[in-house]
Visitor: 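Got a structure here, written out as structure tokens. Questions coming.
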Protein chains: 2
Amino acid sequence: MGFEVLDRQSVVPLYFQIQQHLLEQIRSGSLKAGDPVPSEQEISARLRVSRMTARQALKSLCNLGLVYSQRGKGTFVSGRKLEKDFRQLLSFSEEMHQRGSQPRSKVLTFEPVLAPAEVAAALHLEPNEQIVRLRRVRLADSISVCIETTHVPEKLFPDLLKSFEPTQSLYEEMAQRYGIRVAYADEVAEASAATPAEAKLLRIRHKAPVFRFTRTAFSVDGRAIEFVKSVYRGDRCKVVSRLTRQVKIGGR
Amino acid sequence: MGFEVLDRQSVVPLYFQIQQHLLEQIRSGSLKAGDPVPSEQEISARLRVSRMTARQALKSLCNLGLVYSQRGKGTFVSGRKLEKDFRQLLSFSEEMHQRGSQPRSKVLTFEPVLAPAEVAAALHLEPNEQIVRLRRVRLADSISVCIETTHVPEKLFPDLLKSFEPTQSLYEEMAQRYGIRVAYADEVAEASAATPAEAKLLRIRHKAPVFRFTRTAFSVDGRAIEFVKSVYRGDRCKVVSRLTRQVKIGGR
DNA sequence: AAGTGGTCTAGACCACTCG
DNA sequence: GAGTGGTCTAGACCACTTG
């Protein structure tokens, strides 16, 4: 733990600078799984910050799951790997970039429609409200990977049809042009078999194994902003999750 | 926000008492999605605690995803439901109980074996180290739902073969008798088709859609303690996840 | 201007773990 | 007994939002 780490003039909070510094040590391997992290008092003394600030840095690492604390013993690097970001909410484009693949899209349709019942229910709209529907075949390195049908409410994204270039990233457009940021999504995955039409688009056998996903995305304030149905080739797609065992909240 | 909420003699931390009180208001519906939660200063003044303590209570609710804060505006109840705990790490027994179904198990084999390469790699063991393998057909309300093969290292759970009743919950046994608690698990799901043997055990058609899961469970200190392979009927199983969009950690 | 959350300080007492 | 994390206090300054 160096002494020259902190820039007190910076707008970056002190606790965050400390957090980043420790993060770097974990990433680089200077701190390995099981190693003790500098204690709150040590950070406090060495970097001349209050103990609460040191604590906040450690707490944030703890929340990220990178370290864990034991009362009376200390704080230690946990066994989890940094490399894998499990089950983040990523758009298709982002996911492909992260894997180092080149994403491409073939647009099937991009049009205004009246919300079918299932979509209206998921997005909390009145039946037959106006939505924009975008159907795309998604490719990774020129191989068809999935068929994706996205639905967004027209009223949240007016003029999307005119302004959006449907081969681009929708999440970026939402953030840049409309200031609406996706915070989380609920997703349901099913194991199924390809229909003839799907098989043709994905260039796989009829009845080959596929994943069917339905995903509803929400903004921080809990508004439903996107509903997606997608079909992924079973042989080119695995769903990786990290499950955590939590304390019960609010239960009796 | 009442005044009689806090018990200052209690061993329960003040921030936790405050958190529980707010939680109750959200659960009961007194505070609805979008409603502002009492501000830090209000809690601080009304309950005569320091602002940092009030803040800690709100922070913990924030980490649970039940409220969100906006600088300069306030803290608000988020749109998420309390009812659904998405994608917790649950054992089969726990999952069925939560759904209100009756779990049952048919034990196929329960025996010591030498770890095959795949299992040894997942559990970080030497090849051919001693493990205990348990193969079960799992039933919900008397319908076969999945075939599950569990592997645990013998050295972590000595005498498991003698003491454990294999129709019971393994996670409970681990916690009760060995003091080893599962903290999280990494899981990979694939969409596939049933083999003839699997089809027979699950009473489904040959080549019917199934999920294949492999799961490695870890304790808090990052030790791998369990490796499970399972096959679920595709028509009786959906994988529900909540995905969150996080800040990048440790990236460039 | 008033109210909000975000950060920070310099102390304090406690329960716990370990040698 | 020395060191650890868990909790708590009573202040402070800041940036941000809203009327």
Side-chain angles (χ1 to χ4, degrees), chain A residues 1 5-22 31 34-78 179 181 183 220-221 247, chain B residues 1 5-22 31 34-78 179 220-221 247:
Chain A
M1 172 76 55
V5 190
L6 297 187
D7 175 2
R8 302 189 101 96
Q9 312 319 319
S10 167
V11 292
V12 179
L14 292 177
Y15 84 89
F16 193 78
Q17 294 183 40
I18 300 171
Q19 191 239 58
Q20 289 296 306
H21 182 252
L22 291 170
L31 288 172
D35 286 355
V37 162
S39 73
E40 296 175 358
Q41 346 220 27
E42 194 176 338
I43 295 173
S44 167
R46 292 259 263 260
L47 300 182
R48 309 294 180 84
V49 297
S50 80
R51 203 192 125 198
M52 287 300 274
T53 301
R55 184 174 169 70
Q56 194 176 0
L58 291 180
K59 191 75 193 310
S60 66
L61 284 175
C62 205
N63 287 338
L64 289 173
L66 295 171
V67 305
Y68 60 96
S69 294
Q70 290 187 3
R71 195 202 200 94
K73 292 182 74 173
T75 303
F76 306 88
V77 179
S78 67
R181 296 230 311 267
V220 278
D221 52 3
V247 248
Chain B
M1 171 76 56
V5 190
L6 298 187
D7 176 2
R8 301 190 102 95
Q9 311 319 319
S10 166
V11 291
V12 178
L14 292 177
Y15 84 90
F16 193 78
Q17 294 183 41
I18 300 171
Q19 190 238 58
Q20 289 296 305
H21 181 252
L22 291 170
L31 288 172
D35 285 355
V37 162
S39 73
E40 297 176 357
Q41 346 219 26
E42 194 176 339
I43 295 173
S44 166
R46 291 261 262 261
L47 299 182
R48 309 296 179 82
V49 297
S50 79
R51 203 191 126 199
M52 286 300 273
T53 302
R55 184 172 169 69
Q56 193 176 359
L58 292 180
K59 192 76 193 310
S60 65
L61 284 176
C62 204
N63 287 337
L64 288 173
L66 295 170
V67 305
Y68 60 96
S69 295
Q70 289 186 5
R71 194 203 201 91
K73 292 181 73 172
T75 303
F76 307 87
V77 179
S78 68
V220 277
D221 51 3
V247 247

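Every chain is numbered from 1, with letters handed out A, B, ... down the list of sequences.
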Visitor: Please list all pairs meeting salt bridge (Lys or Arg N to Asp or Glu O under 4.0 Å) that have one or both residues in residues 53-77 of chain A, counting only residues at least two apart or in different chains.
Guide: A:E40-A:R55
Visitor: Measure the shortest side-chain to side-chain distance between B:L14 and B:L6 over non-hydrogen atoms and say whether it is less than 4.5 angstrom.
Guide: yes
Visitor: Does a side-chain heavy-atom distance below 4.5 Å link A:P38 with A:L22?
Guide: yes
Visitor: Go through DNA chain C in 5' to 3' direction and return only the first and the last nucleotide with some atom under 4.0 Å of chain A's heavy atoms.
Guide: C:dT7 to C:dC18
Visitor: Select base, sugar-phosphate, or nothing to describe what A:Q41 touches, counting heavy atoms under 4.0 Å on all strands.
Guide: base
Visitor: Given atom CD1 of A:I43 and atom P of D:dG3, what is their separation to the nearest angstrom?
Guide: 17 Å
Visitor: Heavy-atom distance under 4.5 Å between the side chains of A:L64 and A:Q19, does that happen here?
Guide: yes
Visitor: With a non-hydrogen cut-off below 4.0 angstrom, is A:Q56 in contact with a base, only sugar-phosphate, or nothing?
Guide: sugar-phosphate
Visitor: So do B:V37 and B:V77 actually touch side chain to side chain, heavy atoms under 4.5 Å?
Guide: yes
Visitor: Base, sugar-phosphate, or nothing for A:L14, non-hydrogen atoms under 4.0 angstrom?
Guide: sugar-phosphate
Visitor: Here's a test of your reading of the structure: between A:K73 and A:T53, which maps to the more 5' nucleotide of DNA chain C?
Guide: A:T53
Visitor: Calculate, to the nearest 0.5 Å, the distance between atoms OG1 and CZ belonging to B:T53 and B:R48 respectively.
Guide: 14.5 Å
Visitor: Using heavy atoms to find the nearest nucleotide of DNA chain C for A:R48 and A:R51 separately, return the residue whose nucleotide is more 5′.
Guide: A:R48
